[in-house]
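I have placed the structure first, in the form of structure tokens, so that the comments after it can refer back to it.
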Amino acid sequence: MRDPIAVEDLDEKSARKELARLSMEIRAADAAYYQDDAPHLSDADYDALRQRNLAIEARFPHLKRKDSPTDQIGAPITDGFGKIEHGLPMLSLDNAFSPADVEEFGARIRRFLGLSDAEALVLTAEPKIDGLSLSLTYESGALVRAATRGDGRVGEDVTANASTLSDIPKTLAGSGWPDRIEIRGEVYMANEDFAELNRLEEAAGRKTYMNPRNAAAGGLRQKDPKITAQRPLKFFAYAWGETSKPFATTQSEAVAQLTGWGFATNPLFAAHKTIASLLAAYRDISEQRAELGYDIDGVVYKVDRLDWQSRLGQVSRFPRWAIAHKFPAEKAITKLEAIDIQVGRTGSLTPVARLVPVTVGGVVVSNATLHNEDEIERLDVRVGDHVEIQRAGDVIPQVLRVTDSDRDGRGDPFQPPERCPECGSPAVRLVDENGEADVRRRCTGGLICPAQITERLKHFVSRKALDIDGLGGKQIELFYERGIVTAPQHIFQLDARIEQAGYPPLAEWDGFGKTSADKLRAAIDARRNVPFDRFLIGLGIRNVGQTISNLFARNFVQWSSFWSAVEAACDAPDSEAEQALLAIDGIGQTAINSLKEFAREAANEEMLETLLNEVTVLDGEAPTTDTAVAGKTVVFTGTLERMTRDEAKAQATRLGAKVSGSVSGKTDILVAGPGAGSKLKKAESLGVQVLTETEWLELIAP
Ligand code: IVH
């Protein structure tokens, strides 16, 4: 090769070309070194390329490439990933599956905001990228942190890795950015890049990735950022979290700002004035899906006005102002080889179809759910049949129908098991007071059933509940088989129980070693102080999941007062304690009944007692305590004129009030609009403070 032109002799045009060539060569050299383990340059030659690249960038700063090799490599992550708490939670999206669902989404927003039909409701539409979400924190325009979604509240610190992506600006371009802002978007891999990566992986004798999303996730979560740098990862920005100041008034304006600051935003993003136009955009994007070059799994709609977004707020993990309109699920035909029975943590028996493996939408499927025995009867599906299966997103694939036309010589109809396959206890379908059989067959073995126990234990340590790092399904099964952990409290007595059972210390076990044993112990100890809601979720009580547990934690704050109320409700149905539980907006009789059922079980009572000797349940977060209405029980009645009832309730909850549907001695404030009737009378007779809507708004004004 001819000697390259000296840096000081380059003109702008040749410098630009030279930077492009260097970027490519350095990337190729990196790939050869890190990916193929076959470096083709000496260290000195490699360093010379980087030096030259740096020197040209120093002379022509404005020519520095977005994918400049200078920015590509961060400091290696040594030991796993740290945790980062998001400034604002990273939410999920509720789903719509049909135009009717989308119409209902629009109508719901109108109702919530109290918009007349004449008032325009502008919504935006954009592809739903099938990747993984990432939150980027910028301070004074510089990238300081990148975190994965994690559980929505706390994610993993992938700063070093994320900063190797050329789509992620290390410093924001343009102007007008807040001093501090969390920018959110999706990391993904283009289909062509995915195919190429798998080709390389296969050639190197490594495992290939299932789909571009897994490849993107794998790429971002590499221990060594230099490897991430080699992966062709891309990023679309589409949202933001905490910001030090508002920077736009509409979603469209915000996205335009993101583009101006140097982010890739989706070119198909557009605003629409009617639901009809929104649905046309959905059809349009569906038609382009195959040609986009990257996987999308639906279209996301968002309310354009940001003041309306904040009024709409969120329900549980979903914003009320956005929804994902999902594409129809992918289907395939295969053969049913067997029907197995799986026992869940509440003892329900689920028939599972074992299938001849088949690829559905890029993923190999070998199991599908058959839901319950009525469903098997309805489908008339038998072992040996060909069946059509469907896979939608991450949900468990399901069997849709039998496809064979020839119905002769088939296997026998499915016989539901009369005994639990795991513990041999009778398996029954309970009949309710109306004589209707439960669709689920349940194992009656309770805590003698190993499947129920291990499933409960796995749930107890799972991410939603106690979230104990290093204690997953495999470890639970191992400890259970050895008789070491058969109840939740045993997890906190691990070392003693290992010794009692006559096993050597954990550090000497196969697959553990001192480091993992120490880590596991630390992770367990870290959960000796456990948040109220996680603890309640962990108990795995039927009908008491995340949302309900959260409501109890916020309303009762102290575990002891909550559990006393449950126990009192067990002793005296319809008691004041039961009313207090029921008074919480969002809590219904079903949840209360399940709680009572759980509390009445002597074994559970004993378990709770020993468990509470091991762990301390932290007080729930009373939402906000520094507002005028925090902790007060509020009831709304009559017509509200300045906001809708739903909005008023959501706002009151945000401010720390408990919203109830009925007036009782516990009610602190009744907000009565025109047309108030019996509730107003009752409040007056009980001496409850009564406010007009305006007075209420004055009371809560900041
Ligand atoms: S908006 C509060 N827009 O979908 C709303 N999300 O199923 C924040 N996603 O967790 C999300 N493409 O990871 C939004 N254009 C898009 C998206 C998108 C993909 C992901 C995101 C989110 C998940 C919810």
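Every number for a ligand or one of its atoms is a count from 1 in the order of the listing. Quick note: numbers below take in every heavy atom, side chains included, and nothing from hydrogens, waters or symmetry partners. Residue numbers run from 1 in the order of the sequence given.
Residue contacts with ligand 1 leave out Q314, since none of its heavy atoms falls under 4.0 Å from the ligand. Taking a 4.0 Å cut-off on heavy atoms, G185 fails to register as neighbouring ligand 1.
Of the protein's non-hydrogen atoms, the one nearest atom 12 (N) of ligand 1 is I129 N, 3.0 Å. Of the protein's non-hydrogen atoms, the one nearest atom 20 (C) of ligand 1 is E186 OE1, 3.5 Å. Ranking the protein heavy atoms by distance from atom 5 (C) of ligand 1 puts L93 CD2, 3.7 Å first.
Both the backbone and the side chain of K128 come within 4.0 Å of ligand 1, counting heavy atoms alone. Contact annotation for K302 and ligand 1: only side-chain heavy atoms (C-beta onward) come within less than 4.0 Å of the ligand. Contacts with ligand 1 closer than 4.0 Å are made by side-chain heavy atoms of V300 only, the backbone lying farther away. Proximity of A324 to ligand 1, defined as any heavy-atom pair under 4.0 Å, is not found for any part of the residue.
For ligand 1, one of its N or O atoms has an N or O atom of P127 under 3.5 Å away. Checked by distance only, ligand 1 and W321 stay at 3.5 Å or farther apart across all their nitrogen or oxygen atoms.
Relative to atom 21 (C) of ligand 1, the option among Y301, W240, Y238, F318 with the closest non-hydrogen atom is Y238. When the heavy-atom distances from atom 8 (C) of ligand 1 to N95, L91, V187, L88 are ranked, the shortest goes to L91.
Of all heavy-atom pairs between R440 and H371, the closest is NH1-O, 3.6 Å. Closest approach of F194 and A215 over heavy atoms only: CD1-CB, 3.8 Å. The nearest pair of heavy atoms linking F327 to S286 is CE2-OG, 3.3 Å. Scanning both residues, L220 and N161, for their nearest heavy atoms gives O-ND2, 2.7 Å.
Under the side-chain hydrogen bond (donor to acceptor under 3.5 Å, both in side chains) test applied with Y238, the options E186, E126, K302 reduce to a single match, E186. Just one residue in the list R145, R149, R184 forms a side-chain hydrogen bond (donor to acceptor under 3.5 Å, both in side chains) with S135, and that residue is R184.
Of all atoms in ligand 1, listed by their number and element, those nearer than 4.0 Å to a heavy atom of P319 are 2 (C). Under a 4.0 Å criterion applied to the non-hydrogen atoms of E126, ligand 1 contributes the atoms 3 (N), 15 (N), 16 (C).
Under a 3.5 Å cut-off, the side chain of R401 and the backbone N or O of I389 do not form any donor-acceptor pair.
The side chain to side chain contact (heavy atoms under 4.5 Å, CB included) search around T590 returns N543, not counting sequence neighbours.
A salt bridge is absent between K226 and D224; no separation between the charged side-chain nitrogens and carboxylate oxygens falls under 4.0 Å.
Aromatic rings from F263 and Y138 are positioned such that their centres are separated by under 6.0 Å.
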